[in-house]
Novice: 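Okay, handing you the structure first.
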Amino acid sequence: MENIKIIVAGPRGRMGKEAVKLVQDTAGFELAAVLDRKYEGENLSNIEGFQGIDAPVFTDAEQCFSAVEADVLIDLTTPEVGMFHSTAALRHGIRPVVGTTGFSPEDLETLSALTEEKGIGCIIAPNFAIGAILMMKFSQMAARYFQDVEIIELHHDQKLDAPSGTAVKTADMIKNIRDPKVQGHANEKEILAGARGANVDGMRIHSVRLPGLIAHQQVMFGADGQMLTIRHDSFNRASFMSGVKLAVEAVVKLQVLVYGLENIME
């Protein structure tokens with residue numbers, strides 16, 4: 001069986017470095033090229049921290065996708081860059097695996113149409129940590145029995161979007177099996193705007209941003225005389241790589257867009 005040839009976007013970023021390491025350390029994966037903001041025409045092995053890793057560096061996505069034979073693009077950058085890279089990759093027959101949050105419904109519709117047109121897969125995942133996916137699935141199960149829900153997500157202070165894609169996805173999954181319900185007192189009043197967090201069908205989502213955090217979320221369910229808390233913590237960015245590996249192996253077998261890693265987990 002041939003290796004899966006992979007392009008990694010943003011190799012010098014904290015997540016990108018882990019992705020490069022994943023590709024290098026995984027049997028059956030091959031690093032075909034990297035997309036970077038700098039070092040056009042260089043070899044990755046000449047960049048500090050990547051000694052011995054042979055791959056051409058491109059700054060232009062279109063040029064990269066035209067020049068390099070690849071099966072999969074791993075993009076763990078930003079929503080704007082991720083969307084640009086994904087649409088360009090699909091047009092060149094390369095399957096995107098994207099871990100960037102902040103995609104709009106319109107973005108997902110555009111990518112879905114492209115996957116159908118090209119007949120190749122694309123995976124967008126708000127979170128690649130297997131434990132986080134289980135946290136979301138367990139929360140969906142619990143919501144059948146607990147109608148009052150609050151989601152608290154905690155991330156590092158450099159995160160650009162709030163609430164996190166994982167929190168939004170969790171709320172969407174719960175919405176599918178929970179009837180809308182206004183929580184709290186009927187006459188509740190926010191003395192400071194936003195104190196009760198974002199409102200999704202009556203559920204509340206709260207975002208915490210502090211240095212020292214990586215990615216954490218807890219879903220709290222309350223009922224008379226009891227509380228259930230389901231929590232997941234990522235303490236480093238390597239925790240996301242097991243899900244990235246799973247997604248790369250799955251996307252080469254897909255012909256559609258999949259949003260959320262839970263849809264490819266058994």
Side-chain angles (χ1 to χ4, degrees), residues 6-10 15 19 71-91 93-141 143 151 153 155 159-178 198 200-201 203 205 207 215 217 219 232 234 239-266:
I6 299 168
I7 298 169
V8 173
M15 288 287 283
D71 305 299
V72 175
L73 165 72
I74 297 176
D75 190 295
L76 308 170
T77 57
T78 66
E80 295 79 12
V81 174
M83 182 62 183
F84 174 75
H85 285 170
S86 296
T87 53
L90 286 166
R91 287 196 301 268
I94 298 169
R95 301 156 179 83
V97 167
V98 186
T100 308
T101 61
F103 281 84
S104 69
E106 294 74 22
D107 290 337
L108 296 177
E109 287 177 15
T110 298
L111 292 174
S112 181
L114 266 174
T115 59
E116 291 182 21
E117 176 188 331
K118 295 295 184 179
I120 59 176
C122 172
I123 295 177
I124 311 290
N127 198 315
F128 276 115
I130 299 297
I133 307 307
L134 294 173
M135 175 265 296
M136 289 190 278
K137 292 173 77 74
F138 295 159
S139 296
Q140 186 180 47
M141 293 169 59
I151 299 169
E153 56 95 351
H155 283 81
K159 185 170 177 60
L160 298 178
D161 54 320
S164 69
T166 299
V168 173
K169 180 66 175 177
T170 305
D172 286 343
M173 290 172 66
I174 290 174
K175 274 174 57 179
N176 289 336
I177 54 91
R178 172 187 176 273
V200 180
D201 275 1
M203 289 180 281
I205 303 179
S207 296
Q217 180 171 295
V219 187
H232 176 262
S234 282
S239 65
F240 303 110
M241 291 305 113
S242 58
V244 175
K245 178 177 181 292
L246 180 68
V248 169
E249 293 169 340
V251 77
V252 295
K253 303 172 186 175
L254 296 173
Q255 289 82 44
V256 296
L257 170 72
V258 170
Y259 180 67
L261 203 63
E262 71 280 359
N263 295 305
I264 60 170
M265 290 175 61
E266 295 180 2

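One is the number of the first residue; the rest follow in order along the sequence. FYI, side chains are in, hydrogens and waters are out, and symmetry mates aren't considered; it's all heavy atoms of this structure.
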Novice: Minimum heavy-atom separation for Y259 to P126, with atom names?
Specialist: OH-CG, 3.4 Å

Novice: Say you draw a straight line from CD1 of I7 to CG of D71; how long is it, rounded to the nearest 0.5 Å?
Specialist: 9.5 Å

Novice: Mind checking side chain to side chain donor-acceptor pair (under 3.5 Å) for D161 and listing every partner two or more places apart, or none if nothing turns up?
Specialist: T101, K159

Novice: Apply side-chain contact (heavy atoms from CB on, under 4.5 Å) to residues M135 and F138 and explain how you reach the verdict.
Specialist: CA-CA 5 Å; M135 175 265 296; F138 295 159; 5.8 Å; no

Novice: Is a side-chain N or O of E153 found less than 3.5 angstrom from the main chain of A167, in a donor-acceptor match?
Specialist: no

Novice: Apply side-chain contact (heavy atoms from CB on, under 4.5 Å) to the pair H85 and V98, showing each step before the final yes or no.
Specialist: CA-CA 9 Å; H85 285 170; V98 186; over 6 Å; no

Novice: So, for A247 and F128, which heavy atoms are closest and what is the spacing to 0.1 Å?
Specialist: CB-CE2, 3.7 Å

Novice: Please answer whether the main-chain N or O of M83 pairs with a side-chain N or O of T87 as donor and acceptor at a distance below 3.5 Å.
Specialist: yes

Novice: Please report the shortest heavy-atom distance between A215 and F240, naming the atom on each side.
Specialist: CB-CZ, 3.9 Å

Novice: Sequence neighbours excluded and cut-off under 3.5 Å, please list the side-chain donor-acceptor pairs for residues 170-178, or say none.
Specialist:
{"unit_1": "T170", "atom_1": "OG1", "unit_2": "T166", "atom_2": "O", "d": "2.7"}
{"unit_1": "T170", "atom_1": "OG1", "unit_2": "Q217", "atom_2": "NE2", "d": "3.0"}
{"unit_1": "N176", "atom_1": "ND2", "unit_2": "D172", "atom_2": "O", "d": "3.4"}
{"unit_1": "R178", "atom_1": "NE", "unit_2": "Q147", "atom_2": "O", "d": "2.7"}
{"unit_1": "R178", "atom_1": "NH1", "unit_2": "D201", "atom_2": "O", "d": "3.0"}
{"unit_1": "R178", "atom_1": "NH2", "unit_2": "Q147", "atom_2": "O", "d": "3.1"}
{"unit_1": "R178", "atom_1": "NH2", "unit_2": "K181", "atom_2": "O", "d": "3.4"}
{"unit_1": "R178", "atom_1": "NH2", "unit_2": "Q183", "atom_2": "OE1", "d": "3.1"}

Novice: Could you walk me through whether S104 and D107 pass the side chain to side chain donor-acceptor pair (under 3.5 Å) test, one step at a time?
Specialist: CA-CA 5 Å; S104 69; D107 290 337; 3.2 Å; yes

Novice: If you compare all heavy atoms of R95 against all heavy atoms of G121, which two are closest, and at what distance to 0.1 Å?
Specialist: CB-O, 3.3 Å

Novice: Go through the steps to decide whether N127 and L261 satisfy the test side-chain contact (heavy atoms from CB on, under 4.5 Å), and finish with yes or no.
Specialist: CA-CA 7 Å; N127 198 315; L261 203 63; over 6 Å; no

Novice: To the nearest 0.5 Å, tell me how far D75 CG sits from I124 CD1.
Specialist: 8.5 Å

Novice: Any idea which heavy atoms bring I94 and V72 closest together, and the distance?
Specialist: CG2-C, 3.6 Å

Novice: Residues two or more places apart in sequence or in another chain: which of them pass side chain to side chain donor-acceptor pair (under 3.5 Å) with K245?
Specialist: E249

Novice: Could you give the distance from CD1 (I6) to CD1 (I74), rounded to the nearest 0.5 Å?
Specialist: 4.5 Å

Novice: Could you state the interatomic distance from CD (Q255) to SG (C122), rounded to the nearest 0.5 Å?
Specialist: 13.0 Å

Novice: Rounded to the nearest 0.5 Å, what separates atom CE in M136 from atom CD1 in I151?
Specialist: 10.5 Å

Novice: Mind running side-chain contact (heavy atoms from CB on, under 4.5 Å) on I130 and L246 for me, showing each step along the way?
Specialist: CA-CA 9 Å; I130 299 297; L246 180 68; 4.2 Å; yes

Novice: If you take all heavy atoms of S86 and L73, which pair is closest and at what distance?
Specialist: N-CD2, 4.5 Å

Novice: Enter the distance from M265:CE to E262:CD here, rounded to the nearest 0.5 Å.
Specialist: 8.5 Å

